[in-house]
Amino acid sequence: MRNGKDGRKPKRWLITSALPYVNNRPHLGHLVGCILPGDIFTRYLKLKGENAIYICGTDEHGTQSEIAARNAGVSVDEWCKKMHDEHEKDYSWFEIEFTRFGRTSSKTNHEMTQHIFLGLYENGYITEKETEQLYCEHDKMFLPDRYVVGKCPYCGAETHAGQCENCGKLLEPTDLIDPKCVLCGNTPVVKKTKHLYLDLPKFKDKLETWISGNKHWKPNVRNWALSLIPDLKPRPITRDLKWGVKVPLPGFEDKVFYVWFDAPIGYISITKEWAEENGENWEDWWKSEDTRLIHFIGKDNIPFHTIIFPSTLMGTEEGFILPYDVPAMEFLNYEGKKFSKSKGVGVFLKDVREMPYPPDYWRIALVNMMPETGDTDFTWAEFAKSINDLADAYGNLVNRVLVLSRKYFDSTVPKPGEFNDRDNELLKLIETVPDQVARELDSFKFREALKKALSLARDANAYLNAEEPWKKENEVRRATVIYLTLNAVKSVSILLKPFIPKIAEDALLRLGVENPSWEDAKKVDLKPSTKLGSPVILIKKLSDNEVKKWEQKFSGRNVEGVKMVGQIKYDEFAKLDIRVAKVLKAEEVEGSRKLIRLELDVGELGKRQILAGLKRWYKPEDLEGKLIIILANLEPKKMMGMESQGMLLAAEKEDDVVLLAPEKPIEPGAKVH
RNA sequence: AGCGGGGUAGGGCAGCCAGGAGUGCCCGUCGGGCUCAUAACCCGAAGGUCGGAGGUUCGAAUCCUCCCCCCGCUACCA
């Protein structure tokens with residue numbers, strides 16, 4: 001177990017996972033980014049006999065909750081409670097064992113937030129500033145950035161405030177030309193409002209010393225945090241909303257704290273709630289140097305957990321501990337795209353629960369795809385590979401050794417004889433691999449830890465192949481080999497427990513092992529004559545067809561009638577012969593409402609005519625001389641008695657049609673690909 | 001634009017901070033073995049100009065400089 005900088009072993013471990021926003025529909029990315037690693041790490045600590053708790057909960061305040069509740073026609077509190085319960089159900093399905101899964105809207109958190117704020121206020125870390133913001137008189141609220149749309153003053157594109165979607169310029173809501181409220185479409189008015197700010201620059205030196213001293217942090221976390229320090233600015237911590245923690249200062253009665261301020265304080269409040277219910281003192285967990293605090297987060301949360309929340313804690317001057325480490329994951333994408341609720345991209349936890357796979361399948365697959373050093377992709381192929389690899393290397397081994405035990409020893413643990421060199425090699429591995437796995441877990445290298453654990457299973461398989469106990473004439477050798485293999489399987493199963501708790505538990509019970517500790521993984525201590533369970537297919541493999549089925553089911557999945565065409569292979573695309581063509585002549589087709597006849601020069605493909613339904617949008621004379629793009633190898637079709645030899649390409653959106661054209665002049669006949 | 005991460009055999013990764021023959025892992029491919037086991041397992045082989053160009057060094061995937069490509073973030077998407 002890694003000790004702190006002072007070499008001291010912690011007495012308590014406080015593990016947190018970023019609080020999921022209550023209105024988000026949780027998906028695999030949320031799980032893999034912080035909730036699952038936090039769970040694996042906490043399970044590992046507990047196996048080691050450490051005093052560890054795992055704290056999480058829903059982040060509930062903010063505009064989105066208010067609006068979602070309004071749309072659903074229920075009170076905000078009711079809405080959040082419902083969503084909170086759904087989150088909890090999802091995570092528990094995945095065998096996530098939170099010590100407590102709380103809510104930031106709890107009374108405890110309101111009190112804690114106000115208390116911490118007052119501490120900061122009294123210590124002089126809060127400043128006040130008046131700003132101008134957009135206010136919607138119809139919805140009776142100040143509008144956050146994403147609730148204002150208008151024209152970008154720089155490029156003219158329609159965008160929301162915050163940052164222009166087109167040119168990337170940062171935009172204050174008041175910068176937008178012709179701003180509109182997203183909710184009702186009315187024009188908001190500019191209104192003055194007073195806000196409180198957390199004076200981050202005051203913490204600059206302390207932060208810098210602290211962060212640069214944390215050499216054990218992952219480089220991406222430490223570097224990013226350090227890069228933020230030179231231009232720290234005071235950060236607003238209040239907003240003009242109703243749903244949130246009230247600001248306990250005169251003149252701020254109609255304001256609440258910004259969610260980012262009260263959300264991380266939720267870690268403390270939720271700990272406190274748990275402590276009070278369990279006869280613990282919450283301050284032992286938050287104000288004692290013997291406690292080691294670890295925040296599991298996604299990379300987007302780095303500024304909050306390395307700068308803002310630590311500053312908040314320091315500013316209270318109450319002796320709050322700062323995180324020992326902030327292991328941040330990168331992002332998981334879905335088949336190359338971002339997970340998106342609105343676009344229906346990705347696999348959501350709700351979907352998963354309806355699929356025929358147990359939680360451990362997902363856990364193991366997600367560990368293999370864990371974005372530890374860079375963004376990764378969830379693909380169904382990888383999902384299947386993870387499970388099939390585990391089935392081959394570990395599941396099959398469990399079955400294998402149980403079958404051998406049944407066949408030769410009536411499903412009991414055989415009594416071993418003397419160990420030879422080969423036996424001792426395996427013995428040595430059993431004794432050393434658990435420490436190697438532990439080292440990886442101590443530095444949050446989950447994929448590597450899993451790999452190391454499975455390597456022991458592979459070694460056991462190799463050992464069996466070399467010793468061939470099914471051939472042994474010597475009963476004692478056979479007993480020894482099977483005995484040792486059973487112990488190796490026990491060892492691997494213990495190491496896998498944090499990753500796949502249910503499957504590992506099943507295997508261990510069949511080996512007659514109950515409640516093992518991490519240290520037990522190093523021991524060769526199965527008692528001869530112990531009754532073993534029956535052989536079993538612990539992990540069922542996935543077929544290629546199954547994988548394809550899911551790929552299809554989820555690829556075309558899109559909400560509200562927006563259909564994405566199914567994926568194609570490049571060679572399918574390559575069948576299209578797309579060319580640049582020059583319009584030589586264009587004329588209306590007599591008797592047709594829509595058609596224009598075009599005579600084209602397609603370079604090496606010669607001249608041809610195409611009929612296109614463009615009358616509504618283009619005049620023939622406008623087209624002459626233009627370069628356009630055509631699909632040249634479409635089978636010809638007769639229209640109005642004439643043959644159309646190809647199809648021209650145009651973009652269409654809401655009753656508007658625009659021809660495609662090369663961005664610069666190029667020879668007719670040029671291939672497009 | 002700035003910042004952060006990544007670019008290592010057909011695919012997925014580790015190795016880089018503390019430089020020492022491309023060292024390694026999983027999958028795939030090819031050849032062989034075994035038949036206790038979930039068409040499983042084991043052994044072996046093929047396959048890499050370590051994104052590119054300079055530099056430091058006896059020696060560079062690893063350190064320095066410049067460049068290219070991918071991804072993300074820029075402050076409430078984990």
Side-chain angles (χ1 to χ4, degrees), chain A residues 17-21 23-24 26-37 59 61-64 144-146 162-163 168-170 215 218-228 231 233 235 258-261 263 296-304 307-308 328-333 336 338-342 368-369 371-377 379 381-382 385-386 388-389 391-393 395-408 440 445 447-448 450-452 454-455 457-458 460-466 468-471 478 482 485 535-541:
Chain A
S17 164
L19 308 184
Y21 193 59
N23 287 297
N24 286 343
H27 55 61
L28 295 177
H30 296 107
L31 247 199
V32 79
C34 51
I35 291 175
L36 180 60
D59 171 16
H61 293 130
T63 321
Q64 285 190 58
D145 290 357
R146 65 168 70 171
Q163 186 172 21
K169 282 258 190 342
L170 294 176
K215 301 239 161 63
K218 287 192 193 184
N220 60 341
V221 178
R222 187 161 169 267
N223 290 342
W224 197 13
L226 284 173
S227 76
L228 295 170
D231 35 40
K233 293 184 186 67
R235 234 187 113 77
Y258 229 145
V259 284
W260 65 258
F261 185 71
F296 282 94
I297 57 168
K299 63 177 166 186
D300 56 315
N301 246 321
I302 291 173
F304 291 94
I307 303 283
I308 300 172
M329 292 288 173
E330 305 280 316
F331 283 126
L332 179 76
N333 292 317
K338 282 173 98 173
F339 275 87
S340 163
K341 179 167 72 168
S342 54
N368 279 316
M369 300 170 198
E372 292 173 345
T373 52
D375 291 354
T376 56
D377 246 338
T379 63
E382 276 292 313
K385 178 179 177 295
S386 285
N388 292 347
D389 283 358
D392 290 344
N396 177 58
L397 176 65
V398 174
N399 189 43
R400 200 180 181 192
V401 73
L402 286 175
V403 168
L404 284 168
S405 303
R406 183 175 63 187
K407 188 159 182 178
Y408 296 107
E440 301 300 345
K445 292 182 175 172
R447 303 169 88 166
E448 201 59 26
L450 176 61
K451 217 162 83 179
K452 287 244 161 71
L454 282 180
S455 75
R458 297 180 203 282
N461 268 319
Y463 171 77
L464 272 186
N465 275 50
E468 303 184 303
W470 51 91
K471 268 190 188 167
R478 186 184 346 253
I482 293 179
T485 310
V536 64
I537 304 289
L538 266 188
I539 300 147
K540 215 173 146 245
K541 293 174 75 168

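Naming: A, B, ... by sequence-line order, numbering from 1 per chain. Just the heavy atoms: all of them, side chains too, but no hydrogens, waters or symmetry mates, feed the values below.
- Both distances falling under 3.5 Å, in either a Watson-Crick or a G-U wobble arrangement, place B:C41 opposite B:G33.
- With hydrogens and angles disregarded, a donor-acceptor distance shorter than 3.5 Å links the side chain of A:Y21 to the backbone of A:H61.
- Separating the OH atom of A:Y463 from the C1' atom of B:C43 is a distance of 18 Å, rounded to the nearest angstrom.
- Heavy atoms of A:A391 sit under 4.0 angstrom from at least one base atom.
- In the set B:G5, B:C36, B:U35, B:G5 carries the atom at the smallest distance from any side-chain atom of A:N223.
- Proximity of A:L464 to A:L404: side-chain heavy atoms (C-beta onward) are separated by under 4.5 Å at one or more points.
- Using a 4.0 Å heavy-atom distance criterion, A:G62 is classed as making no nucleic acid contact.
- Residue-to-nucleotide proximity on RNA chain B shows that, of A:D389 and A:P303, the 5′-proximal contact is made by A:D389.
- Of the nucleotides present, none pairs with B:A46 by Watson-Crick or G-U wobble criteria with both distances under 3.5 Å.
- Between A:P26 and A:L31, every side-chain heavy-atom pair lies at or beyond the 4.5 Å cut-off.
- If you take CG of A:N461 and P of B:U35, they are 16 Å apart, rounded to a whole angstrom.
- With a cut-off of 3.5 Å on both pairing distances, the Watson-Crick or G-U wobble partner of B:G72 is B:C3.
- Using a 4.5 Å heavy-atom threshold, the side chains of A:R235 and A:I308 count as touching.
- Residue A:M329 holds its CE atom at 13.5 Å from CG of A:N301, rounded to the nearest 0.5 Å.
- Counting all heavy atoms, side chain and backbone alike, A:N461 lies closest to A:A393 at ND2-O, 3.3 Å.
- Judged by distance alone, with hydrogens and angles left aside, the side-chain atoms of A:D375 form no donor-acceptor pair with the main-chain N or O of A:L332 at under 3.5 Å.
- B:U35 atom P lies 18 Å from atom CG of A:N399, rounded to whole Å.
- Rounded to an integer number of Å, the gap from A:L404 CG to B:C41 P is 15 Å.
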Protein-nucleotides 7-16 of chain B N/O pairs under 3.5 Å:
residue, atom, partner, partner atom, Å
B:A14, OP1, A:T373, OG1, 2.9

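- Between B:A46 and B:G32, the two C1' atoms lie 14 Å apart (nearest whole Å).
- Using atom P as the reference point in both B:C58 and B:C16, the two lie 24 Å apart (nearest Å).
- Remark: the backbone N or O of A:R447 is paired with a side-chain donor or acceptor of A:E372 at under 3.5 angstrom.
- A:D59 has its CG atom 8 Å from the C1' atom of B:C76, to the nearest Å.
- When the C1' atom is used for both B:A9 and B:G22, the distance is 11 Å, rounded to whole Å.
- Note on A:I539: a base of the nucleic acid sits closer than 4.0 angstrom, heavy atoms only.
- The residue A:A466 sits apart from the nucleic acid: no heavy atom pair falls under 4.0 Å.
- Checked against B:C76, B:C36, B:A78, the side chain of A:F304 finds its nearest nucleotide in B:C76.
- Nucleotide B:U65 forms a pair with B:A53, judged by Watson-Crick or G-U wobble geometry with both contacts under 3.5 Å.
- The gap from the P atom of B:C26 to that of B:U62 amounts to 26 Å, rounded to the nearest Å.
- Contact annotation for A:L538: base contact, defined as any heavy-atom pair under 4.0 Å involving a base atom.
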Expected rows: protein N/O vs nucleotides 31-33 of chain B N/O, under 3.5 Å:
residue, atom, partner, partner atom, Å
B:G33, N2, A:N465, ND2, 3.2

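- Across the P atoms, B:C34 and B:C42 are found 16 Å apart, a figure rounded to whole Å.
- Inter-residue side-chain proximity for A:V221 and A:I297 is flagged as unmet; no heavy-atom pair is nearer than 4.5 Å.
- Remark: B:C16 base-pairs with no nucleotide in the shown strands. Criterion, Watson-Crick or G-U wobble with two distances under 3.5 Å.
- Looking at the side chain of A:R458, the nearest of the listed nucleotides B:C26, B:C41, B:A78 is B:C26.
- Partners of A:L228 under the side-chain contact (heavy atoms from CB on, under 4.5 Å) rule, at least two apart in sequence or in another chain, are A:W224, A:P303, A:I307.
- Closest-nucleotide positions on RNA chain B for A:P371 and A:V221 were compared, and the one nearer the 5' end corresponds to A:V221.
- Base contact: A:L332 has a heavy atom under 4.0 Å from a base atom.
- For B:U35, one of the phosphate oxygens OP1 or OP2 lies less than 4.0 angstrom from a side-chain nitrogen or oxygen of A:K471.
- Annotation: B:U56 and B:A14 have their C1' atoms spaced 27 Å apart (nearest Å).
- B:C26 atom P lies 12 Å from atom NZ of A:K452, rounded to whole Å.
- Closest of all the heavy-atom pairs between A:P469 and A:R478 is O-NH1, 2.7 Å.
- No engagement by A:W260 is indicated, since no non-hydrogen atom pair under 4.0 Å with the nucleic acid exists.
- In this structure, A:E330 atom CD and B:A78 atom P are separated by 15 Å, rounded to whole Å.
- At the heavy-atom level, A:K407 lies under 4.0 Å from the strands shown only through sugar-phosphate atoms.
- In this structure, A:R400 places its CZ atom 10 Å from P of B:C36, rounding to the nearest Å.
- The separation of B:A18 from B:G31, taken at their C1' atoms, amounts to 42 Å, rounded to a whole angstrom.
- Annotation: side chain of A:L450 is not in contact with side chain of A:E440 (no heavy-atom distance under 4.5 Å).
- For A:V259, the listed nucleotide lying nearest its side chain is B:C76; candidates were B:C43, B:C36, B:C76.
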